[in-house]
Amino acid sequence: MRRTLAYLFLTALSLLGAAAVSVRAQERKDSLVTLVSAKSAQLIERGGESFRKVTGPARFLHNNTYLLCDSALWNVTTNIIDAVGHVQIIQDRTRLSSGSLQYVVDDDLAKFRGGLVQLEDKDKNTLRTRYLDYNTKDSVAIFQACSSSTTR
């Protein structure tokens, strides 16, 4: 009986350990950004930081989300990608498009600022704004409405 309990206890511990390893492996996999395609990519060292200069069209993959752009400067030290030119974020059937964005990889956060950004969801609902944060891991967008003033 004692031996059976010890065996069951050890089996349960090993299963929990395997599950924890599997979760950590998935987290590491999700945290990786993959450059899927580009016309060119080069490594640049500047001020003690490493950058990858990517010209495109370029396609990155992170959190089952594609980031497309004409060119990007990826700060490998801070893990931030500054993308410009025909920028798109595509996740499932949601599409965001703009002229530029800053993608903070470690926070899973695409930051659109200044230029017009358009979000179109799977039901073809459209949102346009100049300030939008999109979390690629949680698929959540936070935006500020564009303000307009009229004078008479």
Side-chain angles (χ1 to χ4, degrees), residues 11-150:
T11 302
L13 277 179
S14 68
L15 289 174
L16 286 174
V21 168
S22 176
V23 167
R24 283 193 300 272
Q26 182 63 37
E27 286 173 352
R28 275 194 307 274
K29 180 181 173 211
D30 286 346
S31 69
L32 294 177
V33 174
T34 304
L35 177 59
V36 177
S37 64
K39 185 175 179 181
S40 70
Q42 67 184 89
L43 188 61
I44 300 169
E45 296 286 331
R46 191 179 328 150
E49 294 184 317
S50 298
F51 296 86
R52 287 192 181 115
K53 182 178 178 182
V54 180
T55 57
R59 180 182 296 250
F60 297 88
L61 178 63
H62 184 244
N63 291 335
N64 293 317
T65 304
Y66 286 98
L67 163 59
L68 290 74
C69 62
D70 289 341
S71 62
L73 190 59
W74 180 358
N75 185 326
V76 180
T77 307
T78 62
N79 217 8
I80 295 174
I81 301 171
D82 289 302
V84 294
H86 300 97
V87 175
Q88 292 185 59
I89 296 277
I90 302 170
Q91 186 181 62
D92 294 326
R93 293 181 6 219
T94 298
R95 179 182 304 260
L96 293 97
S97 57
S98 185
S100 65
L101 79 78
Q102 183 179 70
Y103 188 64
V104 183
V105 176
D106 295 336
D107 294 337
D108 308 303
L109 187 62
K111 296 175 159 186
F112 295 91
R113 302 289 186 271
L116 186 65
V117 58
Q118 178 172 301
L119 182 150
E120 186 176 299
D121 70 9
K122 62 183 178 186
D123 299 321
K124 302 296 181 195
N125 295 310
T126 302
L127 167 77
R128 291 183 183 99
T129 186
R130 296 190 181 284
Y131 179 103
L132 186 135
D133 287 342
Y134 185 75
N135 185 300
T136 59
K137 191 167 188 172
D138 300 329
S139 304
V140 173
I142 299 172
F143 71 97
Q144 287 183 350
C146 293
S147 63
S148 61
S149 61
T150 57

Inset, instruction - Under the side-chain hydrogen bond (donor to acceptor under 3.5 Å, both in side chains) rule, what do D82 and W74 come out as? Steps first, then yes or no, please. - result: CA-CA 6 Å; D82 289 302; W74 180 358; over 6 Å; no
Legend entry - Flag for T55-S71: side-chain donor and acceptor within less than 3.5 Å: no
Inset, instruction - Begin from the C-alpha positions of I81 and V105 and carry the test side-chain contact (heavy atoms from CB on, under 4.5 Å) through to its verdict. - result: CA-CA 7 Å; I81 301 171; V105 176; 4.2 Å; yes
Legend entry - Interatomic spacing from OH in Y134 to CG in L119 - rounded to 0.5 Å: 7.0 Å
Legend entry - Sidechain-backbone polar pair: D107 side chain, L109 backbone, donor-acceptor under 3.5 Å: no
Legend entry - Side-chain touch R93/D121, heavy atoms, less than 4.5 angstrom: no
Inset, instruction - Compute whether any side-chain donor of one residue and acceptor of the other, for E45 and S50, lie under 3.5 angstrom apart. - result: yes
Legend entry - Beyond-backbone contact of I80 with Q102, side-chain heavy atoms, under 4.5 angstrom: yes
Inset, instruction - Evaluate the side-chain hydrogen bond (donor to acceptor under 3.5 Å, both in side chains) criterion for residues Q91 and T65: first the C-alpha distance (whole Å), next the side-chain angles of each, then the deciding distance (0.1 Å), finally the verdict. - result: CA-CA 5 Å; Q91 186 181 62; T65 304; 2.6 Å; yes
Legend entry - N135-D108 side chain donor-acceptor pair, cut-off 3.5 Å: no
Inset, instruction - Please report the C-alpha distance between V117 and F143 in whole Å, then the side-chain angles of each, then the deciding distance to 0.1 Å, and finally whether the side-chain contact (heavy atoms from CB on, under 4.5 Å) criterion is met. - result: CA-CA 10 Å; V117 58; F143 71 97; over 6 Å; no
Inset, instruction - List the steps and the verdict of side-chain hydrogen bond (donor to acceptor under 3.5 Å, both in side chains) for Q42 and R52. - result: CA-CA 6 Å; Q42 67 184 89; R52 287 192 181 115; over 6 Å; no
Inset, instruction - Going by the side-chain hydrogen bond (donor to acceptor under 3.5 Å, both in side chains) test, name the single residue among Q118, E120, Q88 that passes it with R95. - result: Q88
Legend entry - Side-chain heavy atoms of I90 within contact of L68, under 4.5 Å: yes
Legend entry - Worked check of side-chain contact (heavy atoms from CB on, under 4.5 Å) between V54 and F60: CA-CA 10 Å; V54 180; F60 297 88; 4.1 Å; yes
Inset, instruction - Please report the C-alpha distance between L116 and R128 in whole Å, then the side-chain angles of each, then the deciding distance to 0.1 Å, and finally whether the side-chain contact (heavy atoms from CB on, under 4.5 Å) criterion is met. - result: CA-CA 7 Å; L116 186 65; R128 291 183 183 99; 4.0 Å; yes
Inset, instruction - Hey, could you give me the NE2/OG distance between H86 and S98, rounded to the nearest 0.5 Å? - result: 11.0 Å
Inset, instruction - Run through T94, L67, L132 and flag the one making a side chain to side chain contact (heavy atoms under 4.5 Å, CB included) with I89. - result: L67
Legend entry - Separation between CG of L73 and CZ of F51, rounded to the nearest 0.5 Å: 5.5 Å
Inset, instruction - Flag the pair N79 / V104 as yes when at least one side-chain heavy-atom distance between them is below 4.5 Å, and no otherwise. - result: no
Inset, instruction - Show your reasoning for whether side-chain hydrogen bond (donor to acceptor under 3.5 Å, both in side chains) applies to Y103 and T136. - result: CA-CA 10 Å; Y103 188 64; T136 59; 2.7 Å; yes
Inset, instruction - Nearest 0.5 Å please: distance from the CD atom of E49 over to the CD1 atom of I44. - result: 12.5 Å
Legend entry - Rounded distance (nearest 0.5 Å) linking atom CZ of R113 with atom OH of Y131: 4.0 Å
Legend entry - R59 charged N/C atom sitting above Y66 aromatic ring, 6.0 Å / 45°: yes
